[in-house]
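The structure appears right after this line, and notes come after that.
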Amino acid sequence: MEATVSHRMLLVSVASVGAAIGLAWLVLFQRKKKRKLRKVGEVTQLVVYPIKSCKGVPLPEAECSVHGLRNGPLRDRHWAVSNEEKTVVSARHEPRLVLINSSCDNDSLTLSVPEMEDLKVPLKHPSTNEVITSRVLGHLVQGRDCGDEASQWITSALRSKHGYRLLQFEDRMKHRNPKDEYVLYTENDKVAYPELSPLHVLSETSVEDLNSRLEEKVTFRNFRPNILISGCGAYEEDSWEEIQIGRDVTLKRVMPSIRCLLTTVDPDTGTPHAKHEPLKTLRSYRLCQTELKKLFKSSPLFGQYFRVLKKGDVKVGDPVFQVVY
């Protein structure tokens, strides 16, 4: 009798598990079935910024990883400049950073700036080079010191009386969690030297609309997006909760990009705008008007930060789809 009851209970348990699995597959099937793609534009620029706040490198194609765009050894914001107080600096503090260009071959990162000889920095440094812990937005992140020659070159390029060190983030090092800065992120979000997200998306039409309000025009380079998109309406990127680029890459919107004094630095001259434009104009119409106003305060919002849901390759000309469920 007991064996019969046990047998029946086992059958009921198996049936319950089977029903649960079937329901899960049904929900997954329905979700996939309801997933629709609506074309909203196409990629017109892909840009990586190997050194934080330095000149961007346009790419015809790139790998979209969870830590941002990369093309071979050229990776987005995996190098940074740190001051004597061990704080990573940006063009907000040293505007001439935007003049420093970088290119990459198989074993070195080449730095160049007008009126100085180029410098080749090895991509791999000996373990004897110090690992320096610096602060980004007040939070700690490690980096391998790139040596005295790189330090002297960076300091000279910035025409500074203070000493600077060039740091390289290595894969084995601990990534920062942007959740420490903004609650809209999760425990799974990880970055190295970017401000917050691995990807910053902006539309050409948003820049055009801003320029219609300015006396002195700016370009997308003032805002340093990784992915520039054409073919959509101005600020339409604000409403894209999820997008697919090409056949594979899927991105999830996290939050708007918060604009600061870096946008006022001319990317061609390294000189800040005397009247703080375009930041002043952005503040006149791009402040947060939602329940998140307390979070963003008086900072204008322009462009959107995304996290990577599905990795893959992207290229200029790829269609961009809004994912609708």
Side-chain angles (χ1 to χ4, degrees), residues 43 45-82 88 90 102-104 106 109 121 123-125 131-144 146 166-182 184-202 223-229 242-246 248-258 303-316 318 320:
V43 176
Q45 292 277 352
L46 294 169
V47 189
V48 295
Y49 306 86
I51 308 174
K52 183 177 177 66
S53 270
C54 293
K55 192 179 292 291
V57 180
L59 298 172
E61 57 186 355
E63 175 191 346
C64 187
S65 74
V66 292
H67 301 309
L69 297 183
R70 62 179 298 175
N71 188 297
L74 201 62
R75 307 179 68 171
D76 189 65
R77 296 175 177 92
H78 269 58
W79 288 264
V81 175
S82 178
V88 168
S90 74
S102 55
S103 59
C104 209
N106 290 329
L109 182 74
V121 179
L123 290 178
K124 293 185 178 180
H125 299 279
V131 173
I132 296 176
T133 300
S134 296
R135 292 187 177 275
V136 178
L137 296 181
H139 297 278
L140 301 179
V141 61
Q142 292 181 318
R144 178 79 62 183
C146 293
L166 180 64
L167 307 180
Q168 181 182 5
F169 187 86
E170 299 173 347
D171 286 338
R172 66 175 185 79
M173 294 176 176
K174 184 179 179 181
H175 288 79
R176 265 174 53 242
N177 188 337
K179 186 177 184 293
D180 295 334
E181 286 95 38
Y182 284 92
L184 297 175
Y185 289 89
T186 70
E187 296 294 338
N188 295 324
D189 290 307
K190 305 293 182 183
V191 291
Y193 297 127
E195 294 286 284
L196 293 170
S197 278
L199 288 173
H200 172 211
V201 174
L202 182 65
F223 308 102
R224 306 173 67 79
N226 297 110
I227 302 175
L228 186 69
I229 295 174
E242 188 176 319
I243 58 175
Q244 177 178 311
I245 300 178
D248 298 317
V249 173
T250 305
L251 309 178
K252 180 74 172 178
R253 190 175 72 88
V254 182
M255 61 177 276
S257 179
I258 304 162
Q304 295 290 327
Y305 284 134
F306 281 77
R307 68 168 62 96
V308 179
L309 293 183
K310 186 179 179 183
K311 301 180 292 183
D313 296 328
V314 293
K315 62 181 182 297
V316 172
D318 272 349
V320 179

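Counting begins at 1 with the first residue of the sequence.
Between the CD atom of Glu181 and the CD1 atom of Ile258 there is a distance of 10.0 Å, given to the nearest 0.5 Å. Here Leu46 contributes atom CG and Glu63 contributes atom CD; the two are 12.5 Å apart, rounded to the nearest 0.5 Å. Separation of atoms NZ (Lys252) and OG1 (Thr186) is listed at 12.0 Å; rounding is to 0.5 Å. Between the CG atom in Asp171 and the NE2 atom in His78 there is a gap of 6.0 Å [rounded to 0.5 Å]. Distance check: Arg224 CZ to His200 NE2 gives 11.0 Å after rounding to the nearest 0.5 Å. Rounding to the nearest 0.5 angstrom, the gap separating the OH atom in Tyr182 from the OH atom in Tyr305 is 8.5 Å.
Taking both residues in full, the closest heavy atoms of Val121 and Cys146 are given as CG1-CB, 4.0 Å, listed atom of the first, atom of the second, then distance. Pro194 and Val136 make their closest contact through O-CG1, 4.4 Å (heavy atoms, listed as atom of the first residue, atom of the second, distance). Counting all heavy atoms, side chain and backbone alike, Pro225 lies closest to Leu202 at CB-CB, 3.8 Å. For the pair Val249 and Cys64, the tightest heavy-atom approach, listed with the atom from each and the gap, is CG1-SG, 3.8 Å. Here the closest heavy-atom approach between residue Ala80 and residue Val88 is recorded as CB-CG1, 3.8 Å. Summarising the geometry of Cys104 relative to Leu123, their closest heavy-atom pair is SG-CD2, 3.8 Å, with the distance given to 0.1 Å.
Remark: the Asn177 side chain and the Glu187 side chain contain an N/O donor-acceptor pair separated by less than 3.5 Å.
Looking only at distances, no side-chain donor or acceptor of Arg144 sits under 3.5 Å from a matching main-chain atom of Val131. Of the possible donor and acceptor atoms, none in the side chain of Tyr185 sits under 3.5 Å from a partner among the backbone N and O of Lys190. Looking at Asn71, its side chain does come within 3.5 Å of a backbone N or O of Glu61 through a donor-acceptor pair. Under the 3.5 Å distance criterion, the side-chain polar atoms of Asn226 are matched with a main-chain donor or acceptor of Val47.
Residues satisfying the ring pair (Phe, Tyr, Trp, His ring centres under 6.0 Å) criterion with His175, sequence neighbours excluded, are His67, Phe169.
With respect to Glu195 and Lys52, a salt bridge is recorded, a charged nitrogen being found less than 4.0 Å from a carboxylate O.
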Note to self: If you apply the rule side chain to side chain contact (heavy atoms under 4.5 Å, CB included), what do you find for Leu196 with Val191, and how did you get there?
What the structure shows: CA-CA 7 Å; Leu196 293 170; Val191 291; over 6 Å; no
Note to self: Set out, in order, the CA-CA distance, both residues' side-chain angles and the distance that settles side chain to side chain contact (heavy atoms under 4.5 Å, CB included) for Val81 and Leu166, then state yes or no.
What the structure shows: CA-CA 5 Å; Val81 175; Leu166 180 64; 4.3 Å; yes
Next item on the list: Evaluate side chain to side chain contact (heavy atoms under 4.5 Å, CB included) for Leu251 paired with Val308, printing each intermediate quantity in order.
Entry: CA-CA 5 Å; Leu251 309 178; Val308 179; 3.9 Å; yes
Margin query: Between Val320 and Val201, does the side chain to side chain contact (heavy atoms under 4.5 Å, CB included) criterion hold? Intermediate values first, please.
Written below: CA-CA 11 Å; Val320 179; Val201 174; over 6 Å; no
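Put simply, the side chain of Gln45 does not reach to within 4.5 Å of the side chain of Val316, judged on heavy atoms. Ile243 is not listed as a side-chain neighbour of Thr250, based on a closest heavy-atom distance of 4.5 Å or more. Contact annotation: the side chain of Val314 approaches that of Leu69 to within less than 4.5 Å [non-hydrogen atoms, C-beta and beyond]. Between Val57 and Pro50 the shortest side-chain heavy-atom distance falls below 4.5 Å. Using a 4.5 Å heavy-atom threshold, the side chains of Val43 and Lys315 count as separate.
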